[in-house]
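To start, the structure itself, in structure tokens.
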There are 2 protein chains.
Amino acid sequence: MSASSRPRRPTVEDVAAVAGVSRGTVSRVLNGGHYVSPDAAAAVQRAIRKTGYVVNQHARSLVTQRSDSVAFILSEPQERLFEDPNFNVLLRSCTQELAERDITLLLTIAGTQADRQRVGRWVTAGHVDGVLLVSEHAGSPLIDELRSRGLPIVACGRPIGHEREISYVAADDRDGARQMVSYLRSRGRRTIGIITGPLDTPGGVDRLAGYRDVIGEPDPRLVGTGDYSQASGEAAMDDLLRRAPDLDAVFVCSDLMALGAVSALHHAGKRIPDDVAVGGFDDSKAALTSTPSLTTIRQDFTRVSAEMVRLLLATIGTENRSAVTLPTDLIIRNST
Amino acid sequence: MSASSRPRRPTVEDVAAVAGVSRGTVSRVLNGGHYVSPDAAAAVQRAIRKTGYVVNQHARSLVTQRSDSVAFILSEPQERLFEDPNFNVLLRSCTQELAERDITLLLTIAGTQADRQRVGRWVTAGHVDGVLLVSEHAGSPLIDELRSRGLPIVACGRPIGHEREISYVAADDRDGARQMVSYLRSRGRRTIGIITGPLDTPGGVDRLAGYRDVIGEPDPRLVGTGDYSQASGEAAMDDLLRRAPDLDAVFVCSDLMALGAVSALHHAGKRIPDDVAVGGFDDSKAALTSTPSLTTIRQDFTRVSAEMVRLLLATIGTENRSAVTLPTDLIIRNST
DNA sequence: TCCCACACTGTGAGCGCTCCCAGAATCACT
DNA sequence: AGTGATTCTGGGAGCGCTCACAGTGTGGGA
């Protein structure tokens with residue numbers, strides 16, 4: 001009954017029989033067609049179409065020891081994924097970049113500790129040949145687990161505490177921050193605050209470092225921290241205004257937080273950029289469409305994706321790690 | 001060199017040797033531990049830990065003919081995913097629901113035609129035991145391809161044109177629309193417009209049908225169409241106001257579009273709800289936090305997810321299809 | 001005492017595929 | 001005609017696992 005409704009899938013053997021050739025020849029056709037006569041190849045192609053044959057990936061992977069898929073692991077509570085437009089670009093570009101090489105990208109969300117364990121087991125069970133790691137906070141045990149299995153990994157952004165162990169691709173956060181703060185200075189701003197991201201992420205520490213490069217040791221009144229969400233940006237701005245009512249510019253380390261900061265400034269009756277200039281980071285769509293449009297720093301996530309994929313595929317098979325840092329660009333708009 | 005840096009993974013045989021038992025016993029421990037003596041089981045567990053053994057999923061799948069994963073296929077340009085909060089809930093709940101049964105969910109995005117082909121091949125190569133299909137527009141060929149392979153499918157929302165072929169779980173869109181429009185009527189509104197979703201989606205046609213159930217054959221001036229995006233809601237509302245300046249209520253078929261409609265109404269100088277009452281659909285977070293808060297229809301996507309998973313797992317192994325329609329609830333807030 | 005049920009264990013077979021090697025056929029030169 | 005290179009083909013082996021089955025040992029009931 002079940003056998004009649006779901007018939008046995010055709011195998012290479014079946015295709016071979018229909019095509020009048022052997023298993024080996026069918027396999028050769030399936031894998032590039034070298035050393036196969038045109039006649040045989042055509043017969044096999046016909047037989048594949050006729051039988052509706054599709055390769056059994058498990059059988060193939062069992063012998064080749066590779067799965068032709070890579071995991072895109074997001075170890076972050078899921079909401080962030082949907083709030084942050086950067087993930088969007090990153091995910092799309094990586095998928096694209098891999099599809100061109102006939103490799104499938106599998107998105108896996110490992111928000112909770114339990115998730116991370118499950119994902120760890122799943123990944124090491126052979127499902128993927130490598131891992132793209134996104135937004136891994138410092139000290140997560142997942143990296144160690146994956147490394148102990150010898151799995152190729154490429155991280156997006158500097159993996160704090162693991163810089164010398166795993167490959168990564170990062171935009172030049174520090175230089176971007178320097179560019180922004182220097183620019184604000186050059187426009188005559190003197191009391192420049194900062195709203196950083198979480199300080200266990202590279203975007204948090206490196207952008208703060210860039211700010212310091214220009215400002216020097218900052219007045220603690222001028223430093224606030226958010227978690228990249230709009231709400232946290234608004235709260236941090238409120239705090240900053242309370243502590244330092246005299247500030248005339250603020251560098252907010254993400255556009256989304258900058259949007260929050262803008263509305264906090266509005267509520268406080270400040271004009272932008274007349275009273276307070278606001279600089280963001282990311283060059284997200286929101287930065288362009290907001291009122292006023294946001295001066296920001298562009299990170300080229302399409303290039304980041306391409307580099308990540310290139311690096312991962314290079315890492316699969318060899319054992320070297322490397323790091324790439326891509327430039328960031330200042331985009332000047334109306335908020336400064 | 002490569003052999004020394006990435007040592008051969010331990011196999012059941014290795015574990016068996018360390019534990020001093022046979023292959024079969026290790027396998028039995030791995031699969032529930034029935035008919036294994038406590039001593040043997042303990043020895044195997046110790047050996048697993050010592051060797052760092054992880055099952056080779058490909059070898060297992062090859063013999064069991066199942067992969068213990070299911071695909072979550074999103075055949076929609078990717079941006080929608082990130083705009084629509086419903087996807088978020090759906091994805092999270094399904095992952096959760098499946099994880100409890102030790103099944104992995106693989107998210108796959110098939111936005112373009114080429115993607116859909118790749119995904120079709122990938123799915124039929126045995127990577128997954130079943131498919132959760134989300135937001136499949138009418139007439140997509142993916143459904144036919146998957147069906148011809150005998151793959152268990154459960155759709156989210158009524159799959160237009162395939163209702164009798166594949167299982168699905170849907171919220172009661174039509175009744176939700178009826179509730180909303182009846183409610184607007186009961187509040188004394190007489191000229192009630194509608195902004196529908198795309199009319200090749202069940203959410204598009206069914207909510208319009210519910211509106212008709214209450215209104216009867218509608219004045220074409222009162223019917224606008226959007227694509228669920230905020231921008232399209234705003235545009236459709238502008239149109240509606242131009243064509244029917246006298247309307248005193250509008251039922252907008254998604255909260256996101258309703259937000260757009262609200263801003264269009266504001267620009268036109270209309271007060272909400274005094275001049276025009278606005279009803280949404282989805283009960284998204286935005287509906288709650290917007291000004292004014294939005295009267296809307298709740299769809300319980302957590303329950304939808306649970307039902308989808310239940311149905312899919314039931315379908316895997318049997319050949320029956322079924323359909324579940326879950327109730328929708330009116331949530332009254334300040335916009336009406 | 002014998003016998004059968006029951007708990008437990010080891011082993012052969014085989015899932016569907018690719019890799020490798022031996023051999024056949026073809027061709028170009030000696 | 002003989003030799004060697006080159007192209008092509010078939011089939012054995014084996015990837016790591018589970019399943020079925022045969023076999024061993026133990027205990028309880030006739």
Side-chain angles (χ1 to χ4, degrees), chain A residues 3 6-45 47-48 51-69 102 121 124-127 129 149, chain B residues 3 6-45 47-48 51-69 102 121 124-127 129 149:
Chain A
R6 232 188 281 172
R8 200 176 58 81
R9 295 174 47 159
T11 71
V12 271
E13 212 87 43
D14 299 325
V15 175
V18 171
V21 298
S22 76
R23 220 170 3 111
T25 301
V26 175
S27 178
R28 258 169 251 129
V29 171
L30 254 29
N31 294 284
H34 300 304
Y35 290 95
V36 179
S37 67
D39 281 5
V44 169
Q45 293 292 4
I48 287 177
T51 53
Y53 172 80
V54 180
V55 69
N56 180 323
Q57 187 60 47
H58 298 300
R60 174 179 278 175
S61 293
L62 184 56
V63 32
T64 60
Q65 305 279 26
R66 27 185 307 151
S67 64
D68 297 317
S69 343
D102 237 334
R121 253 189 307 132
T124 50
H127 280 108
D129 301 330
R149 300 289 174 179
Chain B
R6 233 187 282 171
R8 200 176 58 82
R9 295 174 48 159
T11 71
V12 271
E13 213 87 42
D14 298 327
V15 175
V18 171
V21 298
S22 76
R23 219 170 3 112
T25 300
V26 175
S27 179
R28 258 168 249 131
V29 171
L30 254 29
N31 294 284
H34 300 303
Y35 290 95
V36 179
S37 66
D39 281 5
V44 169
Q45 293 293 5
I48 287 177
T51 54
Y53 173 80
V54 180
V55 69
N56 181 323
Q57 187 60 45
H58 298 300
R60 173 181 279 175
S61 292
L62 184 55
V63 30
T64 59
Q65 305 279 25
R66 26 185 309 151
S67 64
D68 298 316
S69 351
D102 238 331
R121 253 189 308 132
T124 51
H127 280 107
D129 300 330
R149 301 289 173 178

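Note that these values count all heavy atoms, side chains included, but never hydrogens, waters or copies made by symmetry.
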- Message: Quick check on dG16(C): is either OP1 or OP2 less than 4.0 Å from any side-chain nitrogen or oxygen of T11(A)?
- Response: no

- E13(B) has an atom CD; how far is it from atom C1' of dC15(D), in whole Å? 12 Å

- Item | Under 3.5 Å donor-acceptor pair, R23(B) side-chain atoms to dT11(C) base atoms | no

- Item | Spacing of D39(B) atom CG relative to dC8(C) atom C1', expressed in whole Å | 12 Å

- Task: Could you check which of dG14(C), dT9(D), dG10(C) has an atom nearest any side-chain atom of S22(B)?
- Result: dG10(C)

- Message: Could you tell me how far apart N31(A) (CG) and dG16(C) (P) are, to the nearest whole angstrom?
- Response: 18 Å

- Item | Nearest-angstrom distance from the residue atom CG of D68(A) to P of dC17(C) | 15 Å

- Message: Reading DNA chain C from 5' onward, which residue's closest nucleotide shows up sooner: V36(B) or L62(A)?
- Response: V36(B)

- Within a strict 4.5 Å, meaning less than it, do heavy atoms of the Q57(B) and D68(B) side chains meet? yes

- With a 4.5 Å heavy-atom cut-off, do V12(A) and L30(A) have their side chains touching? yes

- Message: What's the separation between atom CZ in R9(B) and atom OG1 in T51(B), rounded to the nearest 0.5 Å?
- Response: 11.0 Å

- Item | Distance test, side-chain N/O of Q57(A) to OP1/OP2 of dG16(C), below 4.0 Å | no

- Item | Euclidean distance, atom CZ of residue R66(B) to atom P of dT18(D) [Å, nearest integer] | 13 Å

- Give the nucleotide from the list dT9(D), dG12(C), dG10(C) with an atom nearest to the side chain of R28(A). dT9(D)

- Item | Approximate separation, where rounding is to 0.5 Å, of N56(A) CG and Q65(B) CD | 7.0 Å

- Note on the structure: Between P38(B) and H58(A), the residue closer to the 5' end of DNA chain C by nearest nucleotide is P38(B)

- With respect to the phosphate group of dC15(D), does any side-chain polar atom (N or O) of N56(B) fall under 4.0 Å of OP1 or OP2? no

- Query: Nearest to the side chain of V63(B) - dC17(C), dG16(D), dG10(D)?
  - Reply: dG16(D)

- Query: Among dC15(D), dG10(C), dT18(C), which nucleotide sits nearest the side chain of T25(B)?
  - Reply: dG10(C)

- Heavy-atom distance under 4.5 Å between the side chains of N31(B) and R60(B), does that happen here? yes

- Look at the side-chain N and O atoms of T64(B) and state whether any lies under 4.0 Å from the OP1 or OP2 oxygen of dC19(D). no

- Any side-chain N or O of S37(B) less than 4.0 Å from the OP1 or OP2 oxygen of dT9(C)? yes

- Are OP1 or OP2 of dT18(C) and a side-chain N or O of Q65(A) less than 4.0 angstrom apart? no

- Query: Within the pair Y35(B) and dA20(D), is there a side-chain N or O less than 4.0 Å away from OP1 or OP2?
  - Reply: no

- Nucleotide nearest V55(B) when distance is taken to its side chain, options dT18(C), dT9(D), dT18(D): dT18(D)

